[in-house]
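Reviewing the structure listed below.
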There are 2 protein chains.
Amino acid sequence: MEKLSKELIGASSIPIILSILSKNESYGYEIIQNVKEISNGKIEYGDGTLYPVLHKLEKKELIESYWKMGESGRKRKYYKISNKGKKQLLSEKENWTIINQIISKLWKIEPSLT
Amino acid sequence: MEKLSKELIGASSIPIILSILSKNESYGYEIIQNVKEISNGKIEYGDGTLYPVLHKLEKKELIESYWKMGESGRKRKYYKISNKGKKQLLSEKENWTIINQIISKLWKIEPSLT
DNA sequence: TTTTATACATCGAACTTCTATGTATATTTG
DNA sequence: CAAATATACATAGAAGTTCGATGTATAAAA
């Protein structure tokens with residue numbers, strides 16, 4: 001099972017995280033598990049990687065957080081997407097679609113590489 | 001005409017450049033024009049952005065360069081893709097396909113955002 | 001009682017990209 | 001013919017990023 005390149009992981013992390021939070025409120029640890037599951041283990045954020053991204057998104061007001069004491073007794077910081085974040089997600093989707101078109105256009109007219 | 005995000009431009013630059021060079025040998029200035037054209041102006045590399053990328057690719061031996069005096073008298077540094085670069089391009093394509101599947105999966109099961 | 005899993009946070013190293021700046025030649029315009 | 005513009009490459013420094021390492025703390029499992 002091959003891992004993805006850092007560049008792609010970096011470029012995809014914000015749309016992926018916003019996408020997850022647009023479906024359900026969640027917290028850091030759960031997001032890491034979720035992404036790992038969705039990607040079949042191909043994307044595995046380290047906690048030292050994800051938390052700064054969440055902080056950055058919060059600073060940009062794309063997501064909001066609140067502390068919640070779980071039934072378990074452990075406290076969790078839940079994140080939810082904001083309206084601004086929803087707009088951003090739409091914009092990210094458009095961007096992704098555009099770049100995909102550019103790239104697939106490039107690859108289609110390419111001579112065989114075999 | 002909307003410009004693409006820096007993250008996406010960064011993540012796509014290597015596959016795009018390798019893709020272009022897999023079709024024709026080219027030089028920095030021409031690559032910039034070419035990408036601008038292919039993307040309908042959505043991707044516009046600055047020269048200060050592209051040249052370091054080319055140097056990096058050359059250092060990794062994914063491309064090779066040679067100087068050529070054009071008919072015009074101006075000298076150009078032509079780049080061509082290496083065998084290693086062709087393999088890399090295949091790998092980049094796979095990565096791109098994988099991340100696309102992950103993302104589109106995420107977006108498909110998402111509730112309406114309208 | 002020790003280890004593992006859960007849960008969040010931050011620091012510093014390493015790496016990248018981008019803007020600005022510099023050099024130089026050919027062509028076009030006034 | 002002089003000035004401006006387009007062509008062509010290069011690098012330094014600022015700013016931003018990711019990631020591994022490290023630290024704290026609690027709950028559950030062994």
Side-chain angles (χ1 to χ4, degrees), chain A residues 3-17 20-21 25-37 42-60 62-79 92 95 99, chain B residues 3-17 20-21 25-37 43-60 62-80 92 95 99:
Chain A
K3 282 268 178 59
L4 289 168
S5 71
K6 285 182 189 180
E7 285 85 15
L8 270 181
I9 290 188
S12 61
S13 67
I14 290 177
I16 286 178
I17 291 168
I20 286 173
L21 292 179
E25 300 182 13
S26 187
Y27 54 95
Y29 199 84
E30 192 180 51
I31 293 172
I32 292 170
Q33 313 298 324
N34 199 348
V35 170
K36 188 176 168 185
E37 198 187 319
K42 279 172 195 123
I43 303 178
E44 231 178 312
Y45 298 136
D47 50 358
T49 303
L50 181 65
Y51 291 118
V53 175
L54 289 173
H55 298 160
K56 186 182 69 175
L57 291 177
E58 189 172 21
K59 204 172 163 191
K60 287 185 179 174
L62 303 177
I63 60 177
E64 292 155 11
S65 70
Y66 58 94
W67 284 98
K68 193 160 132 185
M69 280 296 171
E71 340 67 49
S72 60
R74 259 188 245 98
K75 65 186 168 144
R76 292 165 176 166
K77 199 174 191 176
Y78 275 80
Y79 289 94
E92 299 276 351
N95 279 343
I99 194 90
Chain B
K3 283 267 178 63
L4 288 169
S5 71
K6 286 181 187 178
E7 285 84 14
L8 270 181
I9 291 185
S12 61
S13 67
I14 291 177
I16 285 177
I17 292 167
I20 286 172
L21 293 179
E25 301 182 12
S26 188
Y27 55 95
Y29 199 84
E30 193 180 50
I31 292 172
I32 291 170
Q33 313 298 326
N34 198 348
V35 169
K36 188 177 168 186
E37 198 188 317
I43 304 178
E44 230 179 311
Y45 299 136
D47 51 357
T49 303
L50 181 65
Y51 291 118
V53 175
L54 289 173
H55 298 161
K56 186 182 70 175
L57 291 177
E58 189 172 20
K59 205 172 162 192
K60 287 185 179 175
L62 302 177
I63 60 177
E64 292 155 11
S65 71
Y66 57 95
W67 285 98
K68 194 158 129 186
M69 280 297 170
E71 339 67 49
S72 59
R74 259 189 245 96
K75 64 185 170 154
R76 293 165 175 166
K77 198 174 191 176
Y78 275 81
Y79 289 94
K80 63 173 293 190
E92 299 276 350
N95 280 342
I99 195 89

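Only this structure's heavy atoms are used, side chains among them; waters, hydrogens and symmetry mates stay out. So you know, we letter chains A, B, ... as the sequences are listed, proteins then strands, and number each from 1.
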- Query: Can you check the B:Leu50 CG to D:dA10 P distance for me, whole Å?
  - Reply: 10 Å
- Message: Restricting to salt bridge (charged side-chain N to carboxylate O under 4.0 Å, His left out), what partner residues turn up for B:Lys80, sequence neighbours left out?
- Response: none
- Task: Could you tell me which residues satisfy side chain to side chain donor-acceptor pair (under 3.5 Å) with A:Glu30, sequence neighbours excluded, listed by chain and number?
- Result: A:Ser26
- Taking CD1 from B:Ile31 and P from D:dA8, how many angstroms apart are they, rounded to a whole number? 12 Å
- Query: Atom NZ of B:Lys68 and atom C1' of D:dC9: how far apart are they, to the nearest Å?
  - Reply: 17 Å
- Query: Between atom CD in A:Glu7 and atom P in D:dC19, what is the gap in whole Å?
  - Reply: 10 Å
- Message: Using whole Å, what does the distance between atom P of nucleotide C:dT6 and atom CD1 of A:Ile32 come to?
- Response: 11 Å
- Message: What is the separation between atom CD1 on B:Ile9 and atom C1' on C:dT17, rounded to the nearest whole Å?
- Response: 11 Å
Between protein and nucleic acid, restricted to nucleotides 8-10 of chain C and to nitrogen or oxygen atoms under 3.5 Å apart, what atom pairs and distances do you find?
from	atom 1	to	atom 2	distance (Å)
C:dC8	OP1	A:Lys77	N	2.8
C:dC8	OP1	A:Lys77	O	3.4
C:dC8	OP2	A:Gly28	N	3.3
C:dC8	OP2	A:Tyr29	N	2.8
C:dC8	OP2	A:Tyr51	OH	3.0
C:dC8	N4	A:Asp47	OD2	2.9
C:dA9	OP1	A:Lys77	NZ	2.8
C:dA9	OP2	A:His55	NE2	3.0

- Item | Within 45° cone of B:Tyr78 ring axis and under 6.0 Å: B:Lys68 NZ or CZ | yes
- Query: Sequence neighbours excluded, which residues qualify as ring-ring contact (aromatic ring centres under 6.0 Å, His included) partners of A:Tyr51?
  - Reply: none
- Message: So, does B:Arg74 get its side chain near the phosphate of C:dA26, meaning an N or O under 4.0 Å from OP1 or OP2?
- Response: no
- Query: Residues two or more places apart in sequence or in another chain: which of them pass side chain to side chain contact (heavy atoms under 4.5 Å, CB included) with B:Leu62?
  - Reply: B:Leu18, B:Leu57, B:Lys60, B:Lys84, B:Gln88
- Query: Who are the side chain to side chain donor-acceptor pair (under 3.5 Å) partners of A:Glu64, not counting sequence neighbours?
  - Reply: none
- Could you state the atom-to-atom distance from CE of B:Met69 to P of C:dA24 in whole Å? 14 Å
- Item | Whole-Å distance separating the NZ atom of B:Lys60 from the P atom of C:dC15 | 11 Å
